[in-house]
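A short write-up of the structure that comes next.
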Amino acid sequence: MITQNPKMQMLQKQIDAASKEELTLMLYEGGIKFLNQSIIALEKNDIVKANNLIQRAEDIVREFQLTLNHDYEISKQLDALYDYMHRRLVEGNLQKDVEILNEVLGMFREMRDTWKEAMKLAKAS
């Protein structure tokens, strides 16, 4: 789909040029961004915007689940973690609970930081 929006064009170019590892990092960053924005929206009592942003974070978690390579033992653990994150996002959205969203936000940040470190180690070896 061709867009006239320069920001979207730039983002599309970044996505097209990114490796699988970089795409994963971008998804973690997106989840963090959407949750930060949803918390701000809830604080401003913009329920519709918060709902949409939380659902975008849910979509990212589901994408992680759907793309897991189950050939590795860690995939079972990640699947359980992603399932937990998704359930908490749904609960946080239904209850409009910032504490729950902050819990999942912390998980996204920790996973992003771990992923960045893994990328560094992979490049070094």
Side-chain angles (χ1 to χ4, degrees):
M1 183 169 152
I2 299 175
T3 178
Q4 298 300 321
N5 182 333
K7 281 186 179 179
M8 290 304 294
Q9 288 177 340
M10 186 175 84
L11 179 59
Q12 188 61 52
K13 286 180 183 178
Q14 288 176 330
I15 291 170
D16 292 343
S19 67
K20 290 179 184 179
E21 294 81 8
E22 292 167 330
L23 288 173
T24 299
L25 182 60
M26 291 170 78
L27 284 171
Y28 283 126
E29 294 287 355
I32 291 166
K33 180 181 93 172
F34 296 140
L35 286 175
N36 278 325
Q37 291 175 344
S38 69
I39 291 166
I40 293 167
L42 283 176
E43 290 169 349
K44 293 180 178 180
N45 208 27
D46 190 343
I47 303 304
V48 172
K49 183 175 183 179
N51 174 62
N52 291 333
L53 291 161
I54 294 167
Q55 287 179 346
R56 291 181 79 176
E58 289 174 26
D59 290 343
I60 288 172
V61 172
R62 282 295 180 213
E63 181 66 20
F64 282 136
Q65 278 189 293
L66 291 171
T67 58
L68 277 174
N69 182 342
H70 291 280
D71 293 339
Y72 301 99
E73 184 63 31
I74 194 168
S75 296
K76 292 177 188 174
Q77 296 162 341
L78 287 170
D79 192 40
L81 178 61
Y82 292 141
D83 185 61
Y84 176 79
M85 290 172 72
H86 187 265
R87 284 185 284 118
R88 292 298 280 170
L89 285 170
V90 170
E91 184 179 351
N93 198 4
L94 289 172
Q95 296 177 12
K96 305 305 181 222
D97 189 323
V98 171
E99 274 188 47
I100 293 173
L101 298 179
N102 273 317
E103 174 191 354
V104 179
L105 176 60
M107 296 169 88
F108 261 109
R109 286 180 176 148
E110 188 173 333
M111 294 176 81
R112 180 222 30 215
D113 294 346
T114 301
W115 188 254
K116 277 184 175 179
E117 189 61 33
M119 288 175 66
K120 285 180 190 175
L121 291 173
K123 281 185 180 181
S125 63

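Hydrogens, waters and symmetry mates play no part in the numbers below; they use all other heavy atoms, side chains included. When a residue number appears, it is its place in the shown sequence, counting from 1.
- Y84 and L78 fall within a single hydrophobic cluster, where Ile, Leu, Val, Met, Phe, Trp and Tyr side chains are chained together by heavy-atom contacts under 4.5 Å.
- The CG atom of L35 sits 8.0 Å away from atom CE of M85, with the distance rounded to the nearest 0.5 Å.
- Counting heavy-atom neighbours within 6.0 Å of R56 CZ, excluding the residue itself, gives a total of 12 or less.
- A distance of 10.5 Å separates CE in M26 from OG1 in T24, rounded to the nearest 0.5 Å.
- The only option from T67, V61, I60 that meets the side chain to side chain contact (heavy atoms under 4.5 Å, CB included) definition with E63 turns out to be T67.
- Atom CD of E91 has more than 12 heavy atoms from other residues, nucleotides or ligands within 6.0 Å.
- I39 and I47 fall within the same hydrophobic cluster, defined by Ile, Leu, Val, Met, Phe, Trp and Tyr side-chain heavy atoms under 4.5 Å apart, directly or through other members.
- With values rounded to the nearest 0.5 angstrom, E99 atom CD is found 10.5 Å from L101 atom CG.
- One hydrophobic cluster, built from ILVMFWY side chains closer than 4.5 Å, holds both Y28 and L68.
- Heavy-atom neighbours of K96 NZ from other residues, nucleotides or ligands within 6.0 Å: above the threshold of 12.
- Side-chain contact between D46 and V48 is present, with at least one heavy-atom pair separated by less than 4.5 Å.
- The CG atom of L27 sits 11.0 Å away from atom CD1 of I32, with the distance rounded to the nearest 0.5 Å.
- Remark: R87 engages D83 in a salt bridge, criterion side-chain N to carboxylate O under 4.0 Å.
- A 6.0 Å sphere centred on CD1 of I74 holds no more than 12 heavy atoms belonging to other residues, nucleotides or ligands.
- Aromatic ring orientation, F64 versus Y82: parallel (interplanar angle below 30°, classes split at 30° and 60°).
- When all heavy atoms of E103 and R88 are compared, the closest pair comes out as OE1-NH2, 2.6 Å.
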Trace of the side-chain contact (heavy atoms from CB on, under 4.5 Å) decision for E21 with W115: CA-CA 8 Å; E21 294 81 8; W115 188 254; 4.2 Å; yes
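- Put simply, F34 and L66 are part of two different groups of oily side chains (I, L, V, M, F, W, Y) that touch within less than 4.5 Å, one to the next.
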side-chain contact (heavy atoms from CB on, under 4.5 Å), that's the test. Do K120 and E117 meet it? Break it down for me. CA-CA 5 Å; K120 285 180 190 175; E117 189 61 33; 4.2 Å; yes
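- No continuous path of hydrophobic side-chain contacts links I100 to M107 [ILVMFWY only; heavy atoms under 4.5 Å].
- Nearest heavy-atom pair, A57 versus G31, reported as atom, atom and distance to 0.1 Å: CB-O, 4.5 Å.
- No donor-acceptor pair closer than 3.5 Å links the side chain of N93 to the backbone N or O of L89.
- One distance of note links CD1 of I54 with CD of Q37; it measures 11.5 Å at 0.5 Å rounding.
- Separating the CZ atom in R109 from the CG atom in N102 is a distance of 7.5 Å, to the nearest 0.5 Å.
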